[in-house]
K.L.:
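Quick one: structure below, then a few questions.
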Amino acid sequence: MERSFLMVKPDGVQRGLIGEIVSRFEKKGFKLVNAKLMQVSRQLAEKHYEELKDKPFFGELVDFITSGPVFAMVWEGNNVISVSRAMMGKTNPAEAAPGTIRADYAVSVGMNIIHGSDSPENAKREIDLWFNGEVVSYEKTIDKWI
Ligand code: DAT
Ligand code: MG
């Protein structure tokens, strides 16, 4: 079963959107297999976003991600990586389709509420980085209906 790393960013936590975001993925039929509220260190933020280290906004991005607690999660389900990206909407909320998380709750590209892995390779890398690769495996009786 495919897994993805998702994270409610500091703006989403401050704005009280953890429950709303968790609810969207639960209702979709994905399974939460790990989660934690945490203050991110600069070292972790820089490692997480290392692919972007040469971008002009890298410093601001690390400042933002370390500016308050985040809610880090691992979700499991069929095509969860691409489907959760579709549910998040485009990086720039102004271009995100109505009904997506970023379109519904954000207006700036910097503060866009949520992170989600963009490929199987990055999902594995991020689950290893944030959760030491650990997930909670469990059955739900509803699984056969999803
Ligand atoms: P995504 O979060 O949709 O995967 P990304 O990986 O390209 O997007 O970039 C990571 C984050 O960096 C993104 O959520 C917000 C920030 N960012 C991206 N492009 C930016 C830009 N042009 N100006 C400011 N921040 C930007
Ligand atoms: Mg990305």
Side-chain angles (χ1 to χ4, degrees), residues 1-138 143 146:
M1 190 60 80
E2 189 170 279
R3 292 183 187 131
S4 189
F5 172 73
L6 288 112
M7 167 172 70
V8 182
K9 295 182 180 180
D11 54 334
V13 174
Q14 291 297 324
R15 292 177 55 199
L17 292 171
I18 294 174
E20 168 67 27
I21 289 166
V22 168
S23 182
R24 286 188 180 213
F25 293 113
E26 279 187 317
K27 287 175 188 163
K28 177 69 176 172
F30 292 135
K31 189 191 284 183
L32 186 64
V33 293
N34 216 337
K36 60 183 168 186
L37 185 76
M38 59 184 286
Q39 177 64 50
V40 182
S41 66
R42 285 196 85 79
Q43 187 188 17
L44 176 58
E46 286 170 4
K47 188 102 186 101
H48 173 71
Y49 281 123
E50 68 187 1
E51 288 176 342
L52 301 174
K53 67 174 186 303
D54 297 327
K55 300 281 185 190
F57 56 83
F58 184 71
E60 275 173 47
L61 178 58
V62 172
D63 287 347
F64 170 55
I65 291 297
T66 58
S67 65
V70 302
F71 191 65
M73 303 168 280
V74 182
W75 288 88
E76 187 176 279
N78 281 339
N79 300 312
V80 64
I81 296 169
S82 61
V83 174
S84 62
R85 292 281 303 185
M87 291 167 69
M88 286 160 50
K90 286 197 177 167
T91 306
N92 183 350
E95 295 168 2
T100 61
I101 292 166
R102 285 166 167 171
D104 287 355
Y105 301 118
V107 293
S108 73
V109 67
M111 293 194 217
N112 61 6
I113 305 284
I114 185 167
H115 166 83
S117 307
D118 62 3
S119 67
E121 297 69 36
N122 276 336
K124 180 175 184 334
R125 184 181 77 82
E126 292 168 7
I127 294 166
D128 286 347
L129 180 65
W130 290 82
F131 287 97
N132 205 17
E134 286 168 24
V135 297
V136 179
S137 292
Y138 61 106
D143 282 349
I146 292 172

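When reading the values below, keep in mind they use all heavy atoms of this one structure, side chains included, and skip hydrogens, waters and symmetry mates. Nothing fancy with the numbering, it's 1 onward along the sequence. Whatever order the structure lists ligands and atoms in, that order sets their numbers, starting from 1.
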K.L.:
Please round to the nearest 0.5 Å and tell me the distance separating atom CG of Leu44 and atom CG of Leu129.
P.N.:
5.0 Å
K.L.:
Is the ring pair His115/Phe5 parallel, tilted or perpendicular, if the boundaries are 30 and 60 degrees?
P.N.:
tilted
K.L.:
With a cut-off of 4.0 Å, which atoms of ligand 1 are near a heavy atom of Arg85?
P.N.:
1 (P), 3 (O), 4 (O)
K.L.:
Find out whether Arg3 and Ile81 are in side-chain contact, i.e. whether some heavy atom of one side chain is under 4.5 Å from a heavy atom of the other.
P.N.:
no
K.L.:
Counting only heavy atoms, which portion of Asn92 has something under 4.0 Å from ligand 1: side chain, backbone, both, or neither?
P.N.:
neither
K.L.:
Checking Lys36 against Phe131: charged group under 6.0 Å from the ring centre and within 45 degrees of the axis?
P.N.:
yes
K.L.:
Measure the shortest side-chain to side-chain distance between Asp63 and Arg42 over non-hydrogen atoms and say whether it is less than 4.5 angstrom.
P.N.:
yes
K.L.:
Quick one: does Lys55 get a heavy atom under 4.0 Å from ligand 1?
P.N.:
no
K.L.:
Does the residue Lys9 have a heavy-atom contact with ligand 1, meaning some pair of atoms that are separated by less than 4.0 Å?
P.N.:
yes
K.L.:
Under 4.0 Å from any heavy atom of Leu61, which atoms of ligand 1 are there?
P.N.:
11 (C), 12 (O), 16 (C)
K.L.:
Under 4.0 Å from atom 1 (P) of ligand 1, do we find at least one protein heavy atom?
P.N.:
yes
K.L.:
Which atoms from ligand 1 have a heavy atom of Tyr49 less than 4.0 Å away?
P.N.:
10 (C)
K.L.:
With heavy-atom distances below 4.0 Å as the criterion, list the atoms of ligand 1 near Asn112.
P.N.:
13 (C), 14 (O), 15 (C)
K.L.:
Would you call Lys47 and Glu50 a salt bridge, using N to O less than 4.0 angstrom?
P.N.:
yes
K.L.:
Nearest heavy atom to atom 18 (C) of ligand 1: which of Phe58, Phe57, Phe64 does it belong to?
P.N.:
Phe57
K.L.:
Can you check whether Trp75 and Phe30 have ring centres sitting under 6.0 Å from each other?
P.N.:
no
K.L.:
May I ask you to identify, for Arg102, whether its side chain, its backbone, both or neither come under 4.0 Å of ligand 1 on a heavy-atom basis?
P.N.:
side chain
K.L.:
Compare Val109, Asn122, Leu52 and give the one whose heavy atom is closest to atom 10 (C) of ligand 1.
P.N.:
Leu52
K.L.:
Just to confirm my output: which protein heavy-atom neighbour is closest to atom 8 (O) of ligand 1, and how far is it?
P.N.:
Thr91 OG1, 3.3 Å
K.L.:
Please report the interatomic distance CZ(Phe25) to CE(Met73), rounded to the nearest 0.5 Å.
P.N.:
6.5 Å
